[in-house]
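Heads up, the thing below is written out as structure tokens.
All values derive from a computational prediction rather than experimental measurement.
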Amino acid sequence: MYRVRVRSVPPVVLALRRFPNPRLTGIGAGLFAALTMFVLACVDRLLFDSSELVYGLLFLPVSALTALWVRPADLVTAPISVPIAFAVGVFPISGGSEGLGGQIMGLVTALAVHAGWLYGGTLVAGLIASVRKVRQMRARRRYVLAQGAQGPQGPLGRGAAPGRAPRGAATASSTAKPVRAGAGTTAAARRPQRP
């Protein structure tokens with residue numbers, strides 16, 4: 001007698017499954033990341049006096065959420081939209097001087113100073129997107145193998161590959177000669193009969 005082993009799901013996984021799991025488009029994920037980082041940078045400027053450490057630590061979970069919430073068809077956009085969101089968010093805490101030139105110089109300097117956090121968040125988003133893509137490809141391969149093992153049930157019959165005609169039909173159609181229009185019964189009547 002065989003005993004069936006039942007896997008128990010850890011409580012952490014059950015708690016994570018209760019969280020919202022939206023599926024954002026590529027543009028939606030980019031907008032989510034950019035707006036979130038801008039709001040967090042404003043909060044960082046008000047509460048923590050434009051702390052680089054606080055902004056960098058807040059950037060990592062936003063990068064992870066962006067890569068987790070983007071839909072499978074747009075997984076490539078997650079590592080692209082995260083650095084753009086970082087640049088949008090760093091603007092309030094860049095501390096540039098008056099004028100457009102001073103603001104741009106402050107932004108470029110802040111991006112250079114925060115490059116470690118920028119690379120770290122992009123790496124997090126890239127790893128999560130890559131793992132999700134590999135899991136998606138494995139699930140698709142399992143589905144195709146399961147469909148091939150069952151054999152499609154269709155008008156072609158059991159076990160026939162989709163898009164292919166049965167063998168008898170293929171050989172009959174390949175050996176048949178084309179018939180000209182109007183050459184039906186008259187052509188058969190003109191042929192001499194052999195004894």
Side-chain angles (χ1 to χ4, degrees), residues 7-96 100-149:
R7 286 184 176 178
S8 62
V9 180
V12 175
V13 175
L14 290 174
L16 287 175
R17 286 183 182 170
R18 285 189 219 124
F19 279 103
N21 192 16
R23 286 293 170 238
L24 302 172
T25 62
I27 295 174
L31 287 174
F32 160 75
L35 289 176
T36 304
M37 288 313 300
F38 186 79
V39 169
L40 290 175
C42 292
V43 170
D44 179 26
R45 183 175 181 175
L46 289 174
L47 298 180
F48 301 104
D49 196 27
S50 301
S51 171
E52 301 171 4
L53 179 65
V54 171
Y55 182 75
L57 288 174
L58 291 173
F59 177 63
L60 296 179
V62 170
S63 301
L65 287 177
T66 303
L68 284 172
W69 287 351
V70 71
R71 65 183 184 175
D74 296 329
L75 279 172
V76 177
T77 61
I80 298 169
S81 59
V82 164
I84 297 170
F86 185 88
V88 168
V90 85
F91 186 73
I93 63 169
S94 61
L100 181 63
Q103 292 292 330
I104 291 174
M105 285 303 295
L107 180 65
V108 170
T109 305
L111 285 174
V113 169
H114 300 307
W117 293 110
L118 174 63
Y119 293 144
T122 307
L123 181 65
V124 167
L127 285 175
I128 291 174
S130 300
V131 168
R132 285 186 61 200
K133 186 65 175 177
V134 168
R135 289 182 64 191
Q136 178 188 5
M137 290 168 56
R138 284 184 182 168
R140 185 179 297 157
R141 189 182 328 154
R142 277 193 302 254
Y143 176 75
V144 168
L145 289 175
Q147 290 297 320

Exercise for review: Could you pull out the closest heavy-atom pair between His114 and Ile93, with the gap in Å?
Suggested key: NE2-CD1, 4.4 Å

Point to revise | All side chain to side chain contact (heavy atoms under 4.5 Å, CB included) counterparts of Val76, not counting sequence neighbours | key: Ile80

Point to revise | Nearest-0.5 Å distance, CE of residue Met37 to CG of residue Leu35 | key: 11.5 Å

Exercise for review: Can you see which heavy atom on Val88 is nearest to which on Pro92, and at what distance?
Suggested key: O-CD, 3.8 Å

Review point. Backbone N or O of Ser51 within a donor-acceptor pair of the Asp44 side chain at under 3.5 Å?
Key: yes

Revision key, fill the gap. Nearest heavy-atom approach of Ala34 to Ala85 is N-CB, 3.4 Å

Review point. Around Arg132, counting heavy atoms of other residues, nucleotides and ligands shown, do more than 12 lie under 6.0 Å from its CZ?
Key: yes

**Study point:** Closest non-hydrogen atom pair, Tyr55 against Val90
**Key:** OH-N, 3.0 Å

Exercise for review: Check Val62 against Thr36 and note the closest heavy-atom contact, atom names and distance.
Suggested key: CG2-CG2, 3.7 Å

Practice item. Find the distance between CZ (Arg45) and CZ (Phe91) and round it off to the nearest 0.5 Å. Key: 9.0 Å

Review point. Which atom names give the shortest non-hydrogen contact between Val82 and Ser63, and what distance separates them?
Key: CG1-OG, 3.2 Å

Check your understanding: Which pairs, with at least one residue in residues 117-126 and sequence neighbours excluded, count as a side-chain hydrogen bond (donor to acceptor under 3.5 Å, both in side chains)?
Key -> none

Study note, to complete from the structure: Residues at least two apart in sequence or cross-chain that pass side chain to side chain contact (heavy atoms under 4.5 Å, CB included) with Ala87, listed by chain then number, are Leu111

Practice item. May I ask you to check whether over 12 heavy atoms, not counting those of Ile27, lie within 6.0 Å of atom CD1? Key: no

Exercise for review: Count the heavy atoms belonging to other residues, nucleotides or ligands that lie under 6.0 Å from CZ of Arg71, then report whether that count exceeds 12.
Suggested key: yes

Point to revise | Separation of Arg140 CZ from Leu145 CG (nearest 0.5 Å) | key: 13.0 Å

Point to revise | Leu60 CG to Leu65 CG distance, which is reported to the nearest 0.5 Å | key: 11.0 Å

Review point. Should the pair Phe59 and Phe86 be assigned to parallel (<30°), tilted (30 to 60°) or perpendicular (>60°) ring geometry?
Key: perpendicular

